[in-house]
Protein chains: 4
Amino acid sequence: MAPTPPTHLTPRKQPRQARATVTLNIIFEATIQVLLAVGPRRLTTTRVAERAGVSVGTLYQYFPHKQALFYGLNQHYLNALAEKIEYTCRTLHGAPIGQMVEALVTTYWNAKTERADVTRVLYRSVVELDNESLIEAFAGRVDPATAEMFASASDATFTDLSIVNLTLLTTIFGTVRSVFERNLPADDGRAVQKQLILMCNSYLGLVRSASDHRSK
Amino acid sequence: MAPTPPTHLTPRKQPRQARATVTLNIIFEATIQVLLAVGPRRLTTTRVAERAGVSVGTLYQYFPHKQALFYGLNQHYLNALAEKIEYTCRTLHGAPIGQMVEALVTTYWNAKTERADVTRVLYRSVVELDNESLIEAFAGRVDPATAEMFASASDATFTDLSIVNLTLLTTIFGTVRSVFERNLPADDGRAVQKQLILMCNSYLGLVRSASDHRSK
Amino acid sequence: MAPTPPTHLTPRKQPRQARATVTLNIIFEATIQVLLAVGPRRLTTTRVAERAGVSVGTLYQYFPHKQALFYGLNQHYLNALAEKIEYTCRTLHGAPIGQMVEALVTTYWNAKTERADVTRVLYRSVVELDNESLIEAFAGRVDPATAEMFASASDATFTDLSIVNLTLLTTIFGTVRSVFERNLPADDGRAVQKQLILMCNSYLGLVRSASDHRSK
Amino acid sequence: MAPTPPTHLTPRKQPRQARATVTLNIIFEATIQVLLAVGPRRLTTTRVAERAGVSVGTLYQYFPHKQALFYGLNQHYLNALAEKIEYTCRTLHGAPIGQMVEALVTTYWNAKTERADVTRVLYRSVVELDNESLIEAFAGRVDPATAEMFASASDATFTDLSIVNLTLLTTIFGTVRSVFERNLPADDGRAVQKQLILMCNSYLGLVRSASDHRSK
DNA sequence: AATGAATGAGCTTTCATTCAT
DNA sequence: CATGAATGAAAGCTCATTCAT
């Protein structure tokens, strides 16, 4: 089923004009800055507007209410993330399964680590923001992309691709979040990342259909 | 290092008396109910007190401020969770590694699933609640417990136990959270759970030290 | 007219027993301490009780409400002050007028300076405490005492004693308060005290009835 | 040293625009009204806002917290008072000393008596309002103004002008306050006022430097 | 009597949102 | 369209006072 982003949570103004898009990005960036500076609880629309260098009125031109701002922000970042994953999937199409897993983990990990503070702040800003629709939308893009990639693996086939795909995504995404939540030192983080790749690969070795093993 | 729960986030009144403990639990339960009913954003101290059948004043006798309530609630549940895990670890001491992993995953999964709504609500109540200290405290109990258990495995030894332990915990906890976040249907959830056990076991087969394989 | 201390502002329990008087004094002292420590705005009955080492309940046994506590405290100190002044007046009965003024100023000044912090704190605690009745009661004791003293002066008589008396008291008391309010350095304070005596004496020289001058 | 009014006690919004100044005055007046109507203890920001015909929000736009409102109010009146005194000092520059004292007392007395209720209410509103900085600021304006005036007297010079000045100010201001505090009937008040002038003049006759007497 | 947990009215303050300019 | 002063509902929290123990 297609994800249904509640209409009342989408930016009022479709950014047709370049200027609007610019303003939107400025507002997003300002939101992040405020989130980093004072945390979600003390984030106010006024503060965001101030930081963005626009008036509250203008802010409300772009987002009908505070919720919509959060929604838009998360959507923004999830979109970017989905794009990166899709790109990786396209690139790795037809590659050996081992490379796929490594690339997927690395892509996701890097995307999250690039601006670790933003990641952490976003993980927390999602309160009451019935973000289910966002997650759903994200899954709706990523699930098929990775499934398609795995299906194209040059050296493996899976009898139950869909569950394998789901397991891999859940594990990878979850582990990354867990690492952030535990605020692990960078070294430990990298170690876990490596082990995660190992783990996924060993798992895939196990669930690969019988014929693959023979042809090996 | 011992985790240091910020003193300003601990219940004001140490529940020395039976009555106080009862009240504390009533308040916790009421908080959960309110969280379920109206979500974290619309949870007010007054509402919680009402639901608990006590006055706001009493609430504030137990928790110096709203934050402390959330902190206490999470602490409460994390404590219970840690206890269950410790119990499992004690029970499985000396068992074969495969059983350990299965038991660990199952324990954690069940604990979270038992009251899925509470779990989901708690995952979200953690806003601005510098829950780092909580997570740290939790990790400080669970990490050693599982490490000790794994070290006692009858059929496996690990050259780098600490990283293996960390990887397993991060993966398991993260995956469970991910499943809750995606709000997967029960069937898919159970499937992923199974796969997660598989995955962990295959990983352990890989990282088990060489001598184990020989003795096999 | 006799001053009418509103009955609802008097201590509930007349301190007939020694123990009660002791407790009363402990409570007064605690009130002062709290006043000094946190100021009148953040003074709470609970805090006073704590400091006094009694329970709130006991506090309320002695003072039916917070107002009564303040009232009692001020009354306590004003009584002591009035006593000192009365004593001075009795002692100086029949003395030359110059000595009288000097003794009066010195007595008042010393009484206030003895525990300057308490004085300052009391000056401020008098909010909403319709302290008019207190002031009236104080004036009702002091006015006659000094008037009587002045009337007995060995070297001066006054045609309008009552206005002279009022002027002197108002001036002396007011000046002292002013000095406290301006938080003048001790040196300046003492200087002003000296000048005040000078001023009062010069004034008395002027308003002394004509016959006095002749007899001089 | 320049008085340092704590920044957190100054109006948030500098009244640059006429409208803001108007609103400010309305709020001040409303505060006085409420103070008169219910006393300082039962004054609430909501009540003040209501009386002023603005919303609480607006009140808080002008004053970051209740304290600031009191601070601003007192500052307002002390400023006006200081101006009047400065004006008198300028006007009396070079006059005979007797006229100066009379003018000073009269100016101060009138200023306080003009709206006696306001005066009384302000004297009491000063709770916990570390009004030291206000008093200091006031003294910092008035002290030099009167000193300068006295120095210019056509018929008197003083060897220790600074102490004489301090004594006069402390005495005058204190006496007035005392009269208000005792709630003296108008007749008595006026009588004391007259005596106060007399007293100051007799004092000045005494402390005038010797040469003045000769030239007399 | 003494205690101190419980009460809840009421206060200060915030902040999403509107709308006249 | 942009602005930002004004709004006021609603939240967090305090504390004088009571009363069962």
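The structure presented is a predicted model; accordingly, all values stated were derived computationally and were not measured. Letters go in sequence order (proteins before strands), and every chain restarts at 1.
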For this session: Can you tell me the distance, in whole Å, between the OH atom of Tyr60(B) and the C1' atom of dA5(E)?
Result: 18 Å

Problem set entry | Residues in side-chain contact (heavy atoms from CB on, under 4.5 Å) contact with Ala30(B), at least two apart in sequence or another chain | Val48(B), Arg51(B), Ala52(B)

Seminar exercise, completed: Across all chains, not counting sequence neighbours, the salt bridge (Lys or Arg N to Asp or Glu O under 4.0 Å) partners of Glu50(C) are none

Exercise. Can you check the His65(C) NE2 to dT17(F) C1' distance for me, whole Å?
Worked result: 12 Å

For this session: Specify the separation, in whole Å, of atom CZ of Phe63(D) and atom P of dA6(F).
Result: 13 Å

Problem set entry | Length of the CD-P vector between Gln67(A) and dC15(E), whole Å | 15 Å

Problem set entry | Partners passing side chain to side chain donor-acceptor pair (under 3.5 Å) against Asn25(B) (at least two apart in sequence or in another chain) | none

Exercise. Can you tell me how far C1' of dA5(F) sits from CD1 of Ile27(D), to the nearest Å?
Worked result: 12 Å

For this session: Could you tell me which residues satisfy salt bridge (Lys or Arg N to Asp or Glu O under 4.0 Å) with Arg120(A), sequence neighbours excluded, listed by chain and number?
Result: none

Exercise. Considering residues at least two apart in sequence or located in another chain, which fulfil the side-chain contact (heavy atoms from CB on, under 4.5 Å) criterion with Leu134(D)?
Worked result: Tyr71(D), Asn74(D), Gln75(D), Leu78(D), Asn131(D)

Exercise. Over how many whole Å does the gap from Glu50(A) atom CD to dA16(E) atom P extend?
Worked result: 13 Å

Exercise. Just to confirm, is there a sub-4.0 Å distance from OP1 or OP2 of dA6(F) to any side-chain nitrogen or oxygen of Tyr62(D)?
Worked result: yes

Seminar exercise, completed: For DNA chain E, the dot-bracket notation using Watson-Crick and G-U wobble pairs below 3.5 Å, [ ] for pseudoknot-type crossings and | for other-strand pairs, is .||||||||||||||||||||

Problem set entry | Partners passing salt bridge (Lys or Arg N to Asp or Glu O under 4.0 Å) against Glu132(D) (at least two apart in sequence or in another chain) | none

Exercise. With Thr45(A), which residues qualify under side-chain contact (heavy atoms from CB on, under 4.5 Å), at least two apart?
Worked result: Val56(A), Leu59(A), Tyr60(A), Lys66(A)

Exercise. Given atom OH of Tyr71(A) and atom C1' of dA16(E), what is their separation to the nearest angstrom?
Worked result: 21 Å

For this session: Taking the six-membered ring for Trp and the single ring otherwise, decide whether the centroids of Phe63(A) and Phe28(A) are under 6.0 Å apart.
Result: yes

Report each atom pair, protein N/O against N/O of nucleotides 7-11 of chain E, whose distance is under 3.5 angstrom.
{"residue": "dT7(E)", "atom": "OP2", "partner": "Ser55(B)", "partner atom": "N", "Å": "3.1"}
{"residue": "dT7(E)", "atom": "OP2", "partner": "Ser55(B)", "partner atom": "OG", "Å": "3.2"}
{"residue": "dT7(E)", "atom": "OP2", "partner": "Thr58(B)", "partner atom": "OG1", "Å": "2.5"}
{"residue": "dG8(E)", "atom": "N7", "partner": "Gly57(B)", "partner atom": "N", "Å": "3.4"}
{"residue": "dC11(E)", "atom": "OP1", "partner": "Arg47(D)", "partner atom": "NH2", "Å": "3.4"}

Exercise. Distance from Leu35(A) atom CG to Leu122(A) atom CG, nearest 0.5 Å?
Worked result: 7.0 Å

